[in-house]
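First the structure, in the form of structure tokens, and then the observations on it.
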Amino acid sequence: MRISEVETYFLKVPLDRTIRDSLFEVSYIGLPVVKLTTDDGLHGWGFNWMTAGGGEFAKEMIDRYMKKTLIGKDPFTRKKIERDLFFAETFGWDFRLGRNGLAVMAISAIDMALWDLLCKRADLPLWKTLGGYHDRVEAYNTHGGWLSWSIEDLISNSKALISEGYNAIKIKVGSANPETDYERLKAVRAAIGNSKKMMIDANTKWDLETALRWGRKFDDFDPYWFEEPLNPLDIKGHATLRSRIKAPIAIGESIHNKFTFRDYIEQRAVDIIQVDATKVAGITEWLEVANYAAMNNVNVYPHTNIQQPLHVQLVAATVNASVVEHVPWLLDVWKEPLEPKGGYFDLPQLPGAGTEIREDAIQKYRVTA
Ligand SMILES: [Mg+2]
């Protein structure tokens with residue numbers, strides 16, 4: 001079997017309602033998409049995504065520089081293909097272009113498409129191809145806790161989610177005055193009681209002094225984890241914070257390679273790894289990070305905004321992973337969308353990696369230059 005065609009698209013999917021966290025306002029999701037076709041008619045789909053501009057350059061990178069490496073290759077030689085994409089065939093030995101940033105976004109999408117082809121050839125969903133472990137996956141909800149919701153919204157959203165069956169919800173922090181965050185967390189904890197899990201997420205906004213001062217205060221509300229308190233490149237700062245507050249430290253959505261995860265784990269700067277297959281170089285690197293975390297007794301709760309059909313499957317096949325984030329976006333884009341019921345995701349059943357995009361969604365959301 002050989003790859004005979006490489007198609008790419010860029011989709012722009014508007015959200016029903018603009019939301020905000022400590023750093024960003026989000027009104028749409030931009031999706032670079034790659035579709036690989038083989039000479040015997042199989043289709044492998046991969047994607048990446050952004051909450052702001054720039055994703056179209058990942059599509060451009062595939063079109064201009066990566067297609068030529070893919071055409072004619074056996075799709076089941078994934079590791080060789082990816083080495084060729086990372087190294088000499090495409091960008092020479094230049095780390096600025098070939099091993100960081102946009103290249104990782106593009107290679108992540110290609111890696112997914114190659115896994116999707118493998119699963120479809122095996123006639124199995126990804127979680128069975130990898131070796132299933134969990135028979136369902138717990139969900140936690142972030143959509144009730146955006147910084148742009150009023151405190152009344154937070155309380156009513158949190159109560160509604162708990163009554164839907166969620167055991168865990170996430171609340172954004174990083175308001176202009178942290179005292180406001182304290183009052184919001186206090187109100188939510190009072191609304192949901194002490195038995196439910198409440199996570200907090202600063203989206204990298206704070207410096208160490210602010211995170212230490214307010215992290216200690218937030219410990220009053222027993223956070224299940226404190227997510228991205230600091231600049232994600234500051235491993236030492238996270239280690240210091242972790243040694244001085246009670247809440248477990250979670251990082252991952254802003255880390256784009258396995259070596260940084262290794263260093264966080266080795267420097268005892270993290271409790272929970274939120275590795276995201278769309279942020280590292282795809283499913284292949286996600287599995288490497290999850291395995292390294294397992295050997296170090298660290299659990300994986302992947303970051304996800306839109307990619308639940310992929311991450312639910314990865315978690316289902318990973319012993320040291322559980323709970324997948326849910327935000328109800330892009331449900332009309334996936335061939336087999338997932339929504340939690342009673343606080344849990346059922347596992348996908350269609351063959352593939354959960355990355356296939358509906359043809360009508362491509363027609364509806366496609367941006368043409
Ligand atoms: Mg986050």
Side-chain angles (χ1 to χ4, degrees), residues 15 18-27 29 48-52 105 108 138-149 154 157-158 161 166 168-175 178 181 184-185 188 197-207 210-211 214-215 218 221 223-235 237-238 241-242 245 247-256 260-261 264 269-280 286 289-290 293 298-308 310-312 314-315 321-330 340:
L15 304 182
T18 297
I19 61 88
R20 188 166 49 77
D21 63 28
S22 66
L23 297 182
F24 309 107
E25 195 168 85
V26 182
S27 59
I29 302 290
N48 217 296
W49 66 287
M50 289 185 70
T51 55
M105 279 189 84
S108 167
E138 186 178 352
Y140 76 87
N141 190 296
T142 300
H143 199 51
W146 299 114
L147 212 55
S148 40
W149 294 173
L154 282 189
N157 292 345
S158 302
L161 290 166
Y166 282 98
I169 58 173
K170 192 158 79 188
I171 305 298
K172 297 286 183 175
V173 297
S175 303
D181 296 322
R184 289 161 67 89
L185 294 173
V188 172
K197 297 170 193 163
M198 180 176 75
M199 293 77 106
I200 60 180
D201 184 358
N203 287 94
T204 76
K205 182 178 180 181
W206 284 338
D207 60 19
T210 309
W214 289 94
F218 295 165
F221 310 122
Y224 194 67
W225 71 62
F226 187 1
E227 177 171 326
E228 289 202 308
L230 306 171
N231 182 325
L233 298 178
D234 184 5
I235 301 177
H238 283 85
L241 181 65
R242 180 172 179 257
I245 65 172
I249 302 292
I251 54 96
E253 71 180 272
S254 304
I255 294 176
H256 306 134
T260 308
F261 282 109
Y264 262 97
V270 64
D271 297 280
I272 290 160
I273 291 289
Q274 298 179 298
V275 57
D276 178 336
T278 65
K279 305 297 184 94
V280 295
W286 191 97
V289 173
V298 174
N299 285 339
V300 174
Y301 304 141
H303 166 262
T304 295
N305 279 89
I306 56 147
Q307 59 277 36
Q308 295 87 4
L310 169 61
H311 280 148
V312 165
L314 289 172
V315 167
S322 62
V323 296
V324 168
E325 182 169 14
H326 187 62
V327 181
W329 291 339
L330 274 63

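Whatever order the structure lists ligands and atoms in, that order sets their numbers, starting from 1.
- Taking 2.8 Å as the threshold, D201 counts as a candidate ligand of the Mg ion (ligand 1), since one of its N, O or S atoms lies below it.
- Salt bridge K197/E138: present, at least one basic N to carboxylate O contact under 4.0 Å.
- Between Q274 and Y301, the side chains place no donor N or O within less than 3.5 Å of an acceptor N or O (distance only, hydrogens not considered).
- The Mg ion (ligand 1) is closest to atom OE2 of E253 (considering only N, O or S atoms).
- Side-chain contact check for E253 and N305: no donor-acceptor pair (N or O, by modelled atom type) lies under 3.5 Å.
- Shown are T142, N141, D201; of these, the side chain to side chain contact (heavy atoms under 4.5 Å, CB included) with E325 is made only by T142.
- With a cut-off of 2.8 Å, the Mg ion (ligand 1) has an N, O or S atom of E227 in range.
- Note on E325: not counted as a metal contact of the Mg ion (ligand 1), no N/O/S atom lying under 2.8 Å.
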